[in-house]
Q: 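Here's a structure for you.
In listed order, ligands and their atoms are each counted from 1.
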Amino acid sequence: MIKVKKRKILLLPGDGIGPEVIAEVKKIINWFNDKKSLDFEIDQELVGGCSYDKHGTPITDEVFYKALESEVIMLGAVGGPTWDNLEFSKKPERALLKLRKELKLFANLRPAICFKQLVDASTLKPEVVSGLDIMIVRELTGGIYFGEPRGIKPIENGERKGINTHTYTTSEITRVARIAFDLARKRSNKVTSCEKSNVMEAGQLWKEEVQELHEKEYKDVELSHMLADNCAMQLLRNPKQFDVIVTDNLFGDMLSDQASMLTGSLGLLPSASLGAKNKDGEMRAMYEPIHGSAPDIAGKGIANPIASILSFGMALRYSLDLDKEADILEKAVQDVLNDGLRTKDIMSEGMKETSTSAMGDAIISKLQ
Ligand code: IPM
Ligand code: MG
């Protein structure tokens with residue numbers, strides 16, 4: 001068989017359950033290398049709390065430059081109680097935010113799909129969630145996460161003041177809205193844009209810019225505007241009304257956690273953080289499960305690797321142009337769920353409880 005182009009994948013397992021779930025992704029990448037003659041070149045580095053412990057910084061320059069050179073970054077998770085009291089700039093999360101910001105990964109795609117096998121794992125009624133397929137597009141490099149001024153400063157009377165700034169510019173809004181409209185065209189052609197235009201100027205600008213872009217370039221796509229608090233409510237009341245939701249960094253953070261529970265478990269949801277394509281069509285991208293480091297279950301071998309494995313599926317699709325391979329991988333996940341295999345987080349009566357690595361192995365056996 002002919003070997004395809006060499007492609008660099010940087011694994012950043014991070015903290016908590018990160019290393020356990022990324023280990024399963026590594027097995028899958030190796031399987032594709034061995035069995036499908038795909039020549040992925042894997043490298044692995046420390047990031048987050050583990051990097052702080054070894055190097056005194058959540059991400060070293062060396063690792064950052066490696067990330068800059070990699071076509072695909074697979075991140076596990078960062079953070080945990082061990083590092084909670086570190087000074088702000090040393091916190092594990094700073095590594096993640098630096099990668100997002102400096103690699104300009106402005107569009108965060110968070111699909112929430114309710115697998116039919118897991119309808120009962122959701123806390124919502126089956127008829128509300130079965131068949132659910134939403135794509136949340138979260139702006140990832142702007143808004144209150146990065147706005148200046150920021151900080152904590154002393155004020156009069158011995159009090160202190162915490163400051164963060166929420167800002168958006170026209171181009172920051174339109175480039176992420178464009179991603180949402182383009183995705184909608186390949187799905188059910190509907191975009192819901194969420195902000196708080198009733199109380200925030202930046203929200204008003206968001207709404208106006210999305211509306212203007214729609215009128216200029218995307219009239220064929222159905223667009224509605226929704227206040228973010230209403231969206232939170234509608235996601236529980238009738239989530240199937242949504243196709244693509246586009247929203248800012250902070251609302252996207254919250255709404256995607258909420259949407260994940262419609263699918264049964266945070267352990268199932270993948271994500272892709274994409275940058276702009278350069279003139280040669282190349283794009284930087286980082287893929288990660290939306291769950292965190294889950295320190296309470298770390299090291300026990302019970303974490304669900306499916307979110308990470310599906311994140312690699314998104315990498316195959318969005319970065320590596322390997323749609324067929326992504327289909328095979330997603331099908332293998334479905335097959336394993338059909339067989340009744342479950343990690344603890346999605347366990348229900350009559351199913352077979354399995355460990356992190358046994359879940360990875362089972363998915364690989366379905367790939368064969
Ligand atoms: C997420 C996480 C991160 C965020 C944290 C770990 C910094 O919650 O990816 O949703 O707030 O963006
Ligand atoms: Mg979050």
Side-chain angles (χ1 to χ4, degrees), residues 12-19 21-22 46-52 57-59 67 73-112 134-147 150 162 164-166 168 172 176 194 228 231-232 235 245-263 265-275 285-298 303-304 307-308 310-311 314-315:
L12 300 176
D15 307 317
I17 59 170
V21 293
I22 292 297
L46 296 178
V47 78
C50 57
S51 169
Y52 174 81
T57 170
I59 181 166
I73 304 165
M74 297 294 316
L75 189 118
V78 292
T82 331
W83 306 285
D84 270 355
N85 297 322
L86 288 180
E87 128 199 8
F88 210 76
S89 67
K90 307 271 187 217
K91 283 186 190 291
E93 290 78 6
R94 296 322 294 173
L96 180 56
L97 295 169
K98 176 173 172 157
L99 286 167
R100 289 174 178 173
K101 183 72 175 174
E102 300 200 11
L103 302 184
K104 302 189 172 65
L105 307 175
F106 66 88
N108 184 214
L109 277 43
R110 299 191 160 190
I134 302 178
M135 177 69 88
I136 296 186
V137 179
R138 168 188 178 192
E139 199 292 324
L140 203 60
T141 53
I144 201 145
Y145 271 60
F146 297 101
R150 63 184 301 157
N164 290 93
T165 306
H166 178 66
Y168 272 106
E172 284 176 323
V176 73
C194 297
C231 180
L235 271 173
I245 295 175
V246 63
T247 190
D248 75 25
N249 205 343
L250 183 61
F251 295 141
D253 181 42
M254 298 194 287
L255 293 174
S256 60
D257 263 34
Q258 192 184 330
S260 76
M261 281 317 288
L262 304 171
T263 73
S265 170
L266 203 56
L268 296 168
L269 290 208
S271 84
S273 305
L274 311 178
M286 179 159 75
Y287 298 85
E288 55 182 301
I290 92 153
H291 63 69
S293 57
D296 51 323
I297 60 162
N304 189 345
S308 290
L310 292 176
S311 297
M314 292 185 88

Q: Strictly under 2.8 Å, is the Mg ion (ligand 2) approached by any N, O or S atom of Asp257?
A: no
Q: Quick check: do Leu274 and Tyr287 have side-chain heavy atoms less than 4.5 Å from each other?
A: yes
Q: Rounded at 0.5 Å granularity, tell me how far CZ in Arg150 sits from CD1 in Ile144.
A: 9.0 Å
Q: Report yes if some heavy atom in the side chain of Asn304 is under 4.5 Å from a heavy atom in the side chain of His291; otherwise report no.
A: no
Q: Tell me which protein heavy atom sits closest to atom 7 (C) of ligand 1, plus the residue, atom name and distance to 0.1 Å.
A: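 The closest one turns out to be Glu93 CG, 3.8 Å.
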Q: Test your reading of the structure: does Glu288 have an N or O sitting under 3.5 Å from an N or O of ligand 1?
A: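 Checking ligand 1 against Glu288, no N or O pair falls under 3.5 Å apart.
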Q: With the side chain counted from C-beta on, respond yes when Tyr52 and Asp15 share a heavy-atom pair under 4.5 Å apart, and no when they do not.
A: no
Q: Answer yes if the side chains of Thr141 and Glu139 hold a donor-acceptor pair under 3.5 Å, and no otherwise.
A: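 There is such a pair between these side chains.
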Q: Evaluate the side-chain proximity of Met314 to Pro111: yes if any heavy-atom separation is below 4.5 Å, no if none is.
A: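 Yes - at least one pair of side-chain heavy atoms lies under 4.5 Å apart.
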Q: Does Asp253 have a heavy atom less than 4.0 Å from any atom of ligand 1?
A: yes
Q: Restricting to N, O or S atoms, which atom of Asp253 is closest to the Mg ion (ligand 2)?
A: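 Going by distance to the Mg ion (ligand 2), the closest N, O or S atom in Asp253 is OD1.
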Q: Could you see which bit of Arg94 sits under 4.0 Å from ligand 1, with heavy atoms only: side chain, backbone, both or neither?
A: neither
Q: Name the closest protein heavy atom to atom 4 (C) of ligand 1, giving the residue it belongs to and the distance to 0.1 Å.
A: Tyr145 OH, 3.4 Å
Q: Judged by non-hydrogen atoms, does Arg110 sit under 4.0 Å from ligand 1?
A: yes
Q: Just wondering, do Ile59 and Leu12 contact through their side chains at under 4.5 Å, heavy atoms?
A: no
Q: If we set the cut-off at 4.0 Å for heavy atoms, which region of Arg138 has an atom near ligand 1: side chain, backbone, both, or neither?
A: side chain
